[in-house]
Amino acid sequence: MSSVPNPLSRTRSEVFRQLRRELYDEEDFRQVPHIFVIMGASGDLAKKKIYPTLWWLFKDKLLPEETYFVGFARSRLTMEDIRTASLPYMKVKDGDSERLSAFFSRNSYLSGRYTEADSFIQLQSHLDSLAPGAAANHLFYLALPPSVYHEVTNNIRHHCMSEEGWNRVIVEKPFGRDLQSSEELSAHISSLFTEDQIYRIDHYLGKEMVQNLMVLRFGNRIFGPIWNRESVACVVLTFKEPFGTQGRGGYFDDFGIIRDVMQNHLLQMLTLVAMEKPTSTDPDDVRDEKVKVLKCIAPLALSDVVLGQYVGNSEGEGEAKLGYQDDSTVPKGSCTATFATAVLYVHNERWEGVPFVLRCGKALNERKAEVRLQFTDVPGDIFSSQCQRNELVVRVQPDEAIYAKMMSKKPGMYFSTEETELDLTYRSRYKDVKLPDAYERLILDVFGGNQMHFVRSDELREAWRIFTPILHQIEGEKIQPIPYTYGSRGPKEADELLKRVGFHYGGTYKWVDPHAV
Ligand code: NDP
Ligand code: BG6
């Protein structure tokens with residue numbers, strides 16, 4: 001019996017074919033060798049994100065046909081070691097084995113020293129040997145600690161550039177620790193590469209719903225007229241994680257939650273919510289508008305911030321019993337914040353006076369990232385204060401959704417009001433669509449040469465300008481964060497700050513998940 005083609009997989013491969021057409025010139029796709037070099041191939045990011053992402057893209061045939069992957073790090077490893085370390089994160093399915101072998105046959109690994117020119121000369125001859133005589137394009141992913149960025153970028157520039165093909169360098173956060181160190185790093189990198197060769201990654205810009213913010217705002221008539229200070233009372237951008245530092249406390253302690261999440265992921269979301277309509281979707285038109293928003297924001301003041309640090313929950317289980325300072329890699333007495341709520345104002349005609357509240361924290365009650373616009377009260381109330389404010393929520397994760405909280409007549413023989421929602425839950429509306437991981441989207445963008453979802457140097461400078469004074473103050477004055485219990489919503493002072501700037505929490509909204517009924 002002949003097998004019936006699976007309509008779903010056909011649809012997926014059609015989608016991928018179309019994507020390939022959009023991304024690449026046909027000839028480049030088929031004939032030009034591309035070499036993706038993972039600097040720091042032995043590390044955590046490489047095994048958890050980069051190798052799995054490259055595998056998914058390779059599996060779906062989204063990478064140019066002749067693409068090679070080269071890992072580079074100090075450790076003396078074999079490709080087998082890399083494979084063993086990455087496999088648990090690669091979500092390999094039954095039936096993938098042939099394609100998986102093909103993927104690993106395109107992979108190689110070289111150990112060398114980041115500071116030694118000789119290692120990079122060897123790397124270059126290895127790259128040349130993969131595509132002899134061809135004008136290969138080179139992509140370098142810096143999955144490295146910032147301490148070696150200077151040397152590595154120098155060595156790449158002087159020894160590993162493709163002469164005839166193009167070269168692109170993907171730089172991971174943290175981009176410095178403050179304005180000065182970031183400027184130094186930027187100046188160094190810009191002295192080696194042109195801006196169009198540099199891809200500064202903020203993986204939140206690769207998330208489905210973050211990218212959707214632009215379409216939602218500028219592809220709909222209904223939102224434009226109310227997206228301003230006349231109608232919006234408050235914008236709340238939230239990032240919550242239900243786990244602590246999980247042994248990464250040593251790294252985290254050096255940065256803290258403001259550098260780890262707020263100054264980048266949340267601020268990027270803010271710019272997409274607040275920016276004016278760009279003249280086009282050209283990457284620089286979009287980033288020009290984002291920079292303008294940042295330029296309208298004054299440096300954050302300590303009076304507009306609440307800092308927290310989690311402590312163990314004696315009634316919790318496992319890791320929840322442990323506080324931040326119980327992590328053996330965290331220095332005792334550390335003042336590093338694992339939670340922060342901060343209020344920023346965009347001083348322009350559209351947003352003057354509207355608080356943008358950025359909230360982020362580890363070891364909280366749930367995993368959630370969202371954008372919430374709370375609208376002002378309806379003027380001239382005729383419903384005896386029964387109405388709650390409207391809210392538009394774009395839930396980035398988990399379970400992507402857009403919902404508008406609104407008042408409606410209570411169904412039936414009543415003439416009273418009821419809180420309800422217009423609900424676009426992705427898993428119900430788009431049952432067969434697999435949403436790609438943020439890194440998949442972004443790495444594909446680097447292959448395709450699209451910088452829209454990457455951070456430009458002037459965006460970075462403005463972001464650090466806003467946060468550097470307070471970071472210096474917090475560290476200089478050793479400001480003590482407020483303790484909050486592992487698994488809670490964070491310090492109550494954060495809710496008080498929200499209330500102070502005008503956010504209304506009614507506590508009356510009840511959502512009934514249609515899937516749970
Ligand atoms: P809520 O009224 O529960 O919460 C609204 C906001 O108030 C949140 O930002 C919340 O913060 C904040 N808040 C909660 N408690 C307090 C407090 N004590 N003081 C001050 N602020 C507070 O409405 P939601 O929009 O969050 O919806 C409730 C639930 O229903 C959510 O889990 C949501 O995901 C779900 N829902 C799902 C939909 C879908 O899947 N399509 C559609 C609609 C709702 P915090 O984030 O810290 O809790
Ligand atoms: C990273 C932070 O940038 O983002 C981590 O360094 C955080 O601390 C992570 O856990 C969250 O990413 P995601 O995609 O899981 O929300």
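Counting from 1, the numbers follow the sequence of the chain as shown. Ligands are counted one by one from 1 in listed order, and the atoms in each one are counted from 1 as well.
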Exercise. Arg359 and Thr341: side chain to side chain donor-acceptor pair (under 3.5 Å), yes or no, with the steps?
Worked result: CA-CA 4 Å; Arg359 309 188 298 161; Thr341 291; 5.6 Å; no
For this session: Would you sort out whether Phe69 and Phe103 count as a ring pair (Phe, Tyr, Trp, His ring centres under 6.0 Å), showing the intermediate values?
Result: CA-CA 9 Å; Phe69 313 97; Phe103 173 68; 5.0 Å; yes
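What sits closest to atom 23 (O) of ligand 1 on the protein, heavy atoms only, is Lys405 NZ, 2.8 Å. Summary of contacts: the protein heavy atom closest to atom 9 (O) of ligand 1 is Arg372 NE, 3.2 Å. Of the protein's heavy atoms, Arg395 NH1, 2.7 Å lies nearest to atom 34 (O) of ligand 1. Of all protein heavy atoms, the one closest to atom 14 (C) of ligand 1 is Tyr505 CE1, 3.3 Å. Of the protein's heavy atoms, His203 NE2, 3.1 Å lies nearest to atom 12 (O) of ligand 2. Shortest contact from atom 1 (C) of ligand 2 to any protein heavy atom: His265 NE2, 3.6 Å. Distance from atom 39 (C) of ligand 1 to its nearest protein heavy atom, with residue and atom name: Trp511 CZ2, 3.2 Å. Nearest protein heavy-atom contact of atom 46 (O) of ligand 1 is Lys368 NZ, 2.5 Å. In terms of protein heavy atoms, atom 16 (O) of ligand 2 is closest to Tyr204 OH, 2.4 Å. Glu241 OE2, 3.5 Å is the protein heavy atom nearest to atom 11 (C) of ligand 2.
Atoms of ligand 2 lying under 4.0 Å from at least one heavy atom of Asp260, given by number and element, are 2 (C), 5 (C), 6 (O), 8 (O). Counting the atoms of ligand 2 from 1 in the order shown, those under 4.0 Å from a heavy atom of Phe239 are 11 (C), 16 (O). Near Ala401, with a cut-off below 4.0 Å to any heavy atom, the atoms of ligand 1 are 41 (N). Taking every heavy atom of Asp423 and a limit of under 4.0 angstrom, the matching atoms of ligand 1 come to 39 (C), 41 (N). Of all the atoms in ligand 1, the ones that sit under 4.0 Å from a non-hydrogen atom of Thr425 are 39 (C), 40 (O), 41 (N). When each atom of ligand 2 is checked for a heavy atom of Lys362 under 4.0 Å away, the hits are 5 (C), 7 (C), 8 (O), 10 (O). Close contacts between ligand 2 and Lys173 involve ligand atoms 1 (C), 2 (C), 3 (O), 6 (O) [criterion: under 4.0 Å to a heavy atom]. Those atoms of ligand 1 that come under 4.0 Å of a heavy atom in Tyr509, given as number and element, are 2 (O), 23 (O), 27 (O), 28 (C), 43 (C), 44 (C). Taking every heavy atom of Gln397 and a limit of under 4.0 angstrom, the matching atoms of ligand 2 come to 13 (P), 16 (O).
For an aromatic pair to be called close, the ring centres must be under 6.0 Å apart, and Phe339 with Tyr310 fails this.
Between Ile170 and Phe36, the closest side-chain pair of non-hydrogen atoms falls below 4.5 Å.
Heavy-atom separations between Val261 and ligand 2 are all 4.0 Å or longer. Residue contacts with ligand 2 leave out Phe255, since none of its heavy atoms falls under 4.0 Å from the ligand.
Residues Glu421 and Tyr509 have side chains that bring a donor and an acceptor to within less than 3.5 angstrom of each other.
In Lys295, the NZ atom is not crowded: 12 or fewer heavy atoms of neighbouring residues, nucleotides or ligands sit closer than 6.0 Å. More than 12 non-hydrogen atoms from other residues, nucleotides or ligands lie less than 6.0 angstrom from CD of Glu366. By the neighbour-count criterion of 12 heavy atoms within 6.0 Å, atom NZ of Lys499 is sparsely surrounded, having that number or fewer from other residues, nucleotides or ligands.
Here's the thing with Glu421: none of its N/O atoms is less than 3.5 angstrom from an N/O atom of ligand 1. For ligand 1, the polar-atom distance check finds an N/O of Arg489 within less than 3.5 Å of one of the ligand's N/O atoms. Polar contact with ligand 1: present for Lys240 (N/O pair, distance under 3.5 Å). Close N/O approach between Glu391 and ligand 1 is not found [any backbone or side-chain N/O within under 3.5 Å]. Here's the thing with Lys207: one of its N/O atoms is less than 3.5 angstrom from an N/O atom of ligand 2.
Under the 30°/60° scheme for interplanar angles, the aromatic rings of His188 and His150 are found to lie parallel. Classification of the Phe356-Trp351 ring pair by plane angle, with boundaries at 30° and 60°, yields perpendicular. Classified by interplanar angle (parallel below 30°, tilted 30° to 60°, perpendicular above 60°), the ring pair His265/Phe239 is tilted.
Of the protein's heavy atoms, none falls inside 4.0 Å of atom 32 (O) of ligand 1.
A donor-acceptor pair is defined here as one N or O able to donate and one able to accept, closer than 3.5 Å; no such pair exists between the side chain of Arg489 and the backbone of Ala494. Under a 3.5 Å cut-off, the side chain of Ser186 and the backbone N or O of Ser182 do form a donor-acceptor pair.
Of all the heavy atoms of Lys499, none lies under 4.0 Å from any atom of ligand 1, so neither backbone nor side chain is involved. Here Phe252 has no heavy atoms under 4.0 Å from ligand 2, in either its backbone or its side chain.
A cation-pi arrangement is absent between Arg168 and Tyr199 under the rule of less than 6.0 angstrom and at most 45 degrees off the ring axis. Relative to the six-membered ring of Tyr414, Lys410 meets both conditions, a distance below 6.0 Å and an angle of at most 45° to the axis.
When Glu172, Glu459, Glu195 are each tested for a salt bridge (charged side-chain N to carboxylate O under 4.0 Å, His left out) with Arg200, only one passes: Glu195.
Interatomic distance, CG of Asp178 versus CZ of Arg465, reported as 14.5 Å (0.5 Å rounding).
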